[in-house]
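One structure below.
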Amino acid sequence: MNVLIIGGGGREHAIAYKVKQSIRVKRIFCTPGNAGIFKICEPVPVRADDYSGLAKFAAENNIGLTIVGPEVPLCAGIVNEFHNRNLQIFGPDKKGAQLEGSKVFAKQFMEKYGIPTADFECFTDQEKALAYIDRKGAPLVVKADGLAAGKGVIVCKTNEEAKKAVKLIMEDKAFGEAGKQLLIEDMLYGEEASILALTDGKTIVALEPSQDHKAVYDDDQGPNTGGMGAYSPAPVVTPGIMEKVNRKVLQPALEGLKNERMDFHGVLYAGLMIQDGKINVLEFNVRFGDPETQAVLSRLKTDFVDLCLATAKGTLNSIELKWDARPAVCVVTASGGYPGKYHKHLPISGIENAEENKDVFVFHSGTDLRHGEVVTNGGRVLGVTALGNDLSDAIEKVYEAVEKIHFDQMHFRWDIGAKALK
Ligand code: AMP
Ligand code: GLY
């Protein structure tokens with residue numbers, strides 16, 4: 001069978017790496033890809049955002065499974081295009097993707113199906129939003145409704161900050177159309193964790209829990225990024241918490257997917273806040289997390305293609321998940337200036353050196369090949385990932401590997417996984 005992967009980040013490199021391990025697979029294609037991905041996959045002569053063109057390519061090239069990484073194609077309806085041609089694809093349809101594409105839709109879904117989440121109110125009118133802030137009082141979290149590449153969430157400690165956030169979204173239109181609607185929700189406290197669950201619309205099964213590190217600097221300081229590192233498992237998700245996640249989040253969400261007639265064959269990712277044994281959902285995503293996937297899939301022993309195909313075909317209940325008990329830690333090395341402005345096309349050295357340890361994998365995020373040389377091509381550049389006998393061992397191995405890699409102005413967090421050691 002041939003497999004097509006859509007996307008070009010660290011998540012997709014990890015997906016390609018797992019697909020490559022499957023004995024069922026002949027050829028693997030990817031678009032738009034990156035330097036690491038193209039060591040495993042063949043390029044596709046179709047633009048990554050030409051969804052009907054990609055479906056045509058899949059039909060003509062014997063693609064038995066397409067796996068979609070990012071949210072943008074899912075929200076645009078790539079799955080609908082593929083289903084129109086009777087092609088197997090991993091991901092929700094356009095309607096299901098609204099759980100990520102519209103925060104208002106997701107909150108109303110949570111409310112309707114009794115999924116625990118912060119109290120909230122939705123607004124299309126700026127004056128009403130500002131009046132609500134006066135009435136309710138900070139701390140509050142202001143969120144643009146639509147996709148904003150992870151930047152549309154503003155955590156506000158004072159009323160002034162919250163009002164500024166509303167103006168930024170509605171008046172200055174900082175996130176364009178994504179800010180036509182916004183929601184204001186209560187601030188939650190605690191520790192965050194990511195639950196990536198697979199569902200075929202009939203069965204829902206959680207993968208091993210993980211934790212992301214969103215802030216750019218150590219100790220969760222500085223602005224939010226796409227994610228500076230992750231580890232799995234996340235001990236904050238105890239067996240008791242996992243039981244609650246299943247009962248209060250995943251099962252009700254599955255009921256909702258069925259009830260709302262969503263064609264959902266992919267990942268439902270619940271971003272959780274956990275405090276004193278209580279859980280709340282911060283957000284739903286409809287795809288694998290990045291960089292959580294690099295850590296989680298490094299531990300997966302079940303054939304990944306079997307798993308994705310069963311999810312796409314609706315036979316997920318027949319699959320048994322097997323895990324490597326060893327923890328995995330992924331450290332993202334980023335470009336100088338990220339998450340603000342940064343330079344591209346800087347040469348990267350030391351990747352092969354770092355991978356000499358058989359428990360280390362360097363997943364490429366923002367890289368490109370120029371004149372045969374691997375260069376930077378994004379804010380998040382590499383996801384250096386290591387398995388260890390225990391978490392301390394994984395942390396030691398991953399930083400040993402990171403220190404062998406170099407590009408000009410490279411930066412990374414030194415405390416990935418540290419929370420779990422406490
Ligand atoms: P989201 O995209 O909704 O996950 O929000 C991005 C980040 O903002 C989350 O990972 C949290 O760190 C933070 N956040 C979102 N909603 C809340 C909330 N209600 N209370 C506290 N922090 C939040
Ligand atoms: N790591 C956060 C996300 O994938 O949205």
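Just so you know, ligand 1 is whichever comes first in the structure, and atom 1 is the first atom listed for that ligand. Below, each value reflects all heavy atoms present in this structure, side chains not excepted, and no hydrogens, waters or symmetry copies.
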Give the atom numbers and elements of ligand 2 that come within less than 4.0 Å of a heavy atom of [X].
X: Asn285; value: 5 (O)
X: Asp212; value: 1 (N), 2 (C)
X: Gly289; value: 4 (O)

message: Can you tell me if Gly226 contacts ligand 2 (heavy atom of the residue under 4.0 Å from the ligand)?
response: yes
- request: Say whether Phe288 and ligand 2 are in contact under the criterion: heavy-atom distance to a ligand atom below 4.0 Å.
  value: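 Per 4.0 Å heavy-atom rule, Phe288 does not contact ligand 2.
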- request: Under 4.0 Å, heavy atoms only, figure out whether ligand 2 is touched by the backbone of Arg11, its side chain, both or neither.
  value: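 It is neither part, as no heavy atom is under 4.0 Å.
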Would a line drawn from the ring center of [X] to the ring center of [Y] be shorter than 6.0 Å?
X: Tyr269; Y: Phe288; value: no
X: Tyr51; Y: Phe82; value: no
X: Phe361; Y: Tyr17; value: yes
X: Phe90; Y: Phe304; value: no

In terms of heavy-atom contacts, does [atom1] of [X] have more than 12 from other residues, nucleotides or ligands at under 6.0 Å?
X: Tyr399; atom1: OH; value: yes
X: Lys94; atom1: NZ; value: no
X: Glu177; atom1: CD; value: no

message: Any heavy atom of Asn280 closer to ligand 1 than 4.0 angstrom?
response: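 It does not, in that no heavy atom of Asn280 comes within the 4.0 Å cut-off of ligand 1.
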- prompt: Considering only heavy atoms, which of Met273, Lys214, Glu283 lies nearest to atom 22 (N) of ligand 1?
  reply: Met273
As an exercise, identify every atom of ligand 1 less than 4.0 angstrom from a heavy atom of [X].
X: Val141; result: 16 (N), 17 (C), 18 (C), 19 (N), 20 (N)
X: Glu185; result: 16 (N), 17 (C), 18 (C), 19 (N)
X: Lys143; result: 3 (O), 15 (C), 16 (N)
X: Met187; result: 20 (N), 21 (C)
X: Lys103; result: 2 (O), 3 (O)
X: Asp186; result: 18 (C), 19 (N)
X: Glu192; result: 9 (C), 10 (O), 11 (C), 12 (O)

Return the residue, atom name and 0.1 Å-rounded distance of the protein heavy atom closest to [atom].
atom: atom 13 (C) of ligand 1; result: Val155 CG2, 4.1 Å
atom: atom 17 (C) of ligand 1; result: Leu282 CD2, 3.4 Å
atom: atom 5 (O) of ligand 2; result: Arg287 NH2, 2.8 Å

query: Does a side chain donor of either Tyr231 or Gln211 reach within less than 3.5 Å of an acceptor in the other side chain?
result: yes
task: Consider only side-chain N and O atoms of Gln275 and Lys278, and report whether a donor and an acceptor are under 3.5 Å apart.
output: no
field: Under 3.5 Å: N/O of Val153 near N/O of ligand 1
entry: no
query: N/O of Asn224 under 3.5 Å from N/O of ligand 1, yes or no?
result: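 No, Asn224 has no N/O under 3.5 Å of an N/O on ligand 1.
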- prompt: Could an N or O of ligand 2 be found under 3.5 Å from any N or O of Glu283, whether backbone or side chain?
  reply: no
query: Counting only heavy atoms, which portion of Leu188 has something under 4.0 Å from ligand 1: side chain, backbone, both, or neither?
result: both
field: Asp212 contact mode with ligand 1 (heavy-atom cut-off under 4.0 Å)
entry: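 Contact part for Asp212 vs ligand 1: neither.
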query: So, the side chain of Asp324 versus the backbone of Arg326: is there a donor-acceptor pair under 3.5 Å, distance only?
result: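 Present.
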task: May I ask you to decide if Gly314's main-chain N or O and Lys202's side chain share a donor-acceptor pair within less than 3.5 Å?
output: yes
task: Look at the rings of His13 and His364 and say which category their plane angle falls in: under 30° parallel, 30 to 60° tilted, over 60° perpendicular.
output: perpendicular
- request: On the 0 to 90° scale, with breaks at 30° and 60°, tag the Phe109-Tyr113 ring pair as parallel, tilted or perpendicular.
  value: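 Phe109 vs Tyr113 ring planes: tilted.
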query: How many angstroms lie between CZ in Arg299 and CG in Leu321, if you round to the nearest 0.5 Å?
result: 11.5 Å
